[in-house]
Amino acid sequence: MSSLRLNFKPLGAAPFRRVPGSRLSPTKPGSIRCAAAAPTKSYSITLLPGDGIGPEVISVARNVLVLTGATEGIEFKFQEMPVGGAALDLTGVPLPEETLAAAQQSDAVLLGAIGGYKWDKNEKHLKPETGLLQLREGLKVFANLRPATVLPQLVDASTLKREVAEGVDLMVVRELTGGIYFGKPRGFKTDWNGEEIGFNTEVYATSEIDRIARVAFETARKRRGKLCSVDKANVLEASMLWRKRVMAISLEYPDVELTHMYVDNAAMQLVRNPNQFDTIVTNNIFGDILSDEASMITGSIGMLPSASLGENGPGLFEPIHGSAPDIAGQDKANPLATVLSAAMLLKYGLGEAAAAERIETAVLDTLDRGFRTGDIYSTGYVLPFIHSSPSSLLPRWLKPYIFIYCNIQNLRPLILVLLQIFTSIFLITNDQQ
């Protein structure tokens with residue numbers, strides 16, 4: 001992914017316009033240092049908590065980044081900005097110009113979740129989801145990487161039989177800024193018979209297909225060397241061109257095994273035999289559907305991160321789950337997808353592979369120690385409510401520090417998951433010294 005590295009731009013504060021009567025204001029840029037190691041590198045991160053459970057999971061991921069940075073000599077400068085429904089309430093638009101500018105000027109962007117019932121009846125241009133589409137377009141991110149891995153600790157959480165789900169480790173590479181979601185013409189009109197119709201256009205240019213194909217081949221090359229291109233070339237002209245161009249780009253990657261599959265068959269094969277897949281590349285709408293299907297193989301959509309990358313500029317990193325307004329503020333949300341998105345931010349956005357691995361290892365250690373949230377819970381494990389006590393799992397010297405730190409920061413949501421990740425990072429650090 002070296003071709004998708006970022007260009008650094010200094011981050012500046014930008015106060016944004018407010019809806020008359022609004023009492024909210026953006027947080028100012030902040031610099032957070034930890035004393036564990038003197039920072040030798042500094043990165044600016046734009047945080048977009050968004051709606052529903054977004055602020056909860058972003059809070060956890062931010063603190064994990066801070067602690068990881070302290071152990072790796074990395075300083076993070078955070079700026080929190082509104083997007084989605086929160087931005088609508090504050091400024092009247094789902095993506096304020098100031099939010100986009102801050103994101104464009106940072107080294108990476110970490111997003112929580114967008115949407116909620118409150119804004120469902122808004123006109124399309126005033127829906128929270130429109131802000132997300134505008135953000136992707138503004139950052140010029142076109143390649144969406146969505147891993148789906150069945151962790152050994154969670155194989156029984158999958159809805160598939162153990163023998164089907166065990167060992168699944170695949171990556172969906174989704175084209176993000178073209179196809180039917182963006183194609184024109186689109187809209188509503190009345191046909192010759194006086195009946196109202198709605199229409200959209202599935203359209204791809206050669207250059208759009210070529211660039212996503214190269215990202216997919218590079219990704220497959222770094223994994224197990226197998227790439228499956230998913231299309232509907234037996235029916236759709238756009239898919240016929242897609243297959244033609246993917247086959248042409250494959251000549252540049254003779255070491256990668258290329259196969260093709262129609263999307264309806266791919267949807268079936270994902271639940272029949274998901275282990276046959278290594279890397280999947282597909283268009284915008286097919287990738288949207290297949291990546292969500294793949295997520296459920298793992299047992300919970302709350303476990304899966306994603307990265308959206310462009311040819312240059314900051315990447316956008318986010319969990320693939322929604323805003324889950326029904327459980328917002330109830331200490332029930334699973335933060336691990338966002339924590340793992342932070343790991344992808346370090347790996348793919350900043351090139352900090354060691355720091356990313358530290359987070360990934362800490363997540364696995366947290367699961368090994370039996371901690372679960374409701375979406376992945378089964379009998380015999382620990383639900384991380386604030387009144388639970390992990391005292392038997394923590395070093396005695398660390399307990400007061402962690403609880404004091406969490407209380408100061410008011411980290412009510414999933415305090416024990418955060419606590420356990422903190423502990424794991426400390427223990428990993430001690431083991432390596």
Side-chain angles (χ1 to χ4, degrees), residues 1-7 136-137 139-149 169-183 202-263 265-266 269-270 274-288 290-291 294 306-317 344-345 347-351 353 356:
M1 304 308 288
S2 59
S3 63
L4 297 174
R5 288 306 310 282
L6 311 177
N7 294 326
R136 291 169 177 169
E137 187 174 17
L139 293 177
K140 294 180 171 58
V141 292
F142 66 87
N144 183 231
L145 277 60
R146 291 191 173 189
T149 302
D169 177 17
L170 63 89
M171 176 77 78
V172 178
V173 180
R174 168 191 172 192
E175 200 288 322
L176 200 57
T177 57
I180 201 167
Y181 289 171
F182 294 92
E202 167 76 356
V203 57
Y204 272 105
T206 295
S207 59
E208 292 177 307
I209 301 171
D210 288 0
R211 67 182 183 179
I212 192 66
R214 288 193 174 94
V215 171
F217 277 107
E218 290 287 347
T219 301
R221 175 179 275 175
K222 295 176 182 178
R223 289 171 53 85
R224 300 189 298 277
K226 296 172 60 180
L227 177 64
C228 179
S229 177
V230 174
D231 57 41
K232 193 60 177 171
N234 58 334
V235 175
L236 302 176
E237 283 77 6
S239 279
M240 295 174 192
L241 178 62
W242 178 282
R243 183 171 294 205
K244 175 183 176 182
R245 292 311 308 164
V246 171
M247 291 176 66
I249 298 301
S250 71
L251 299 177
E252 302 173 17
Y253 299 88
D255 54 324
V256 177
E257 177 188 342
L258 174 65
T259 58
H260 303 274
M261 191 174 290
Y262 295 141
V263 64
N265 186 32
Q269 293 297 328
L270 269 174
N275 270 297
Q276 69 184 282
F277 296 106
D278 172 19
T279 305
I280 294 172
V281 62
T282 191
N283 69 13
N284 203 341
I285 188 170
F286 296 163
D288 192 5
L290 293 179
S291 59
S306 75
S308 299
L309 308 172
E311 292 178 310
N312 51 62
L316 173 64
F317 303 86
M344 292 190 78
L345 181 154
K347 181 185 295 183
Y348 294 104
L350 305 180

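All of these numbers come straight from a predicted model, not from anything done at the bench.
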Spacing of [atom1] belonging to [X] relative to [atom2] belonging to [Y], to within rounding of 0.5 Å:
X	Y	atom1	atom2	answer
Asn144	Ser291	CG	OG	6.5 Å
Lys244	Asp231	NZ	CG	14.5 Å
Thr177	Leu139	OG1	CG	11.5 Å
Leu270	Asn265	CG	CG	10.0 Å
Leu176	Asp288	CG	CG	9.0 Å
Asn234	Leu236	CG	CG	8.0 Å

Report the residues that fulfil salt bridge (Lys or Arg N to Asp or Glu O under 4.0 Å) with [X], sequence neighbours left out, ordered by chain and then residue number.
X	result
Arg224	Asp169, Asp278
Arg211	none
Glu237	none

Is the shortest heavy-atom distance from the side chain of [X] to the side chain of [Y] under 4.5 Å?
X	Y	answer
Asn284	Arg174	yes
Glu252	Ile249	yes
Thr259	Lys226	no

Aromatic ring pairing Tyr204/Trp242, orientation class (parallel under 30°, perpendicular over 60°, tilted between): perpendicular
Is it true that a side-chain atom of Glu218 and a backbone atom of Ala220 form a donor plus acceptor pair closer than 3.5 Å? no
Taking all heavy atoms of [X] and all of [Y], pick out the closest pair and write down the distance.
X	Y	answer
Leu227	Val256	CB-CG1, 3.9 Å
Leu258	Ser250	CD2-CB, 3.6 Å
Leu309	Gly315	CD2-CA, 4.3 Å
Phe286	Ser239	CE1-OG, 4.2 Å
Val203	Gly183	CG1-CA, 3.7 Å
Ala233	Met240	O-CG, 3.3 Å

Candidates Lys232, Glu202, Glu208 - the one meeting side chain to side chain donor-acceptor pair (under 3.5 Å) with Asn283: Glu202
Passes side-chain contact (heavy atoms from CB on, under 4.5 Å), Phe182 versus Arg136? Steps please. CA-CA 12 Å; Phe182 294 92; Arg136 291 169 177 169; 5.7 Å; no
Tell me, yes or no, whether the heavy-atom count around Glu137 atom CD, taken from other residues, nucleotides or ligands under 6.0 Å, exceeds 12. no
Give me the one residue out of Thr282, Val215, Ile280 that meets side-chain contact (heavy atoms from CB on, under 4.5 Å) with Val173. Val215
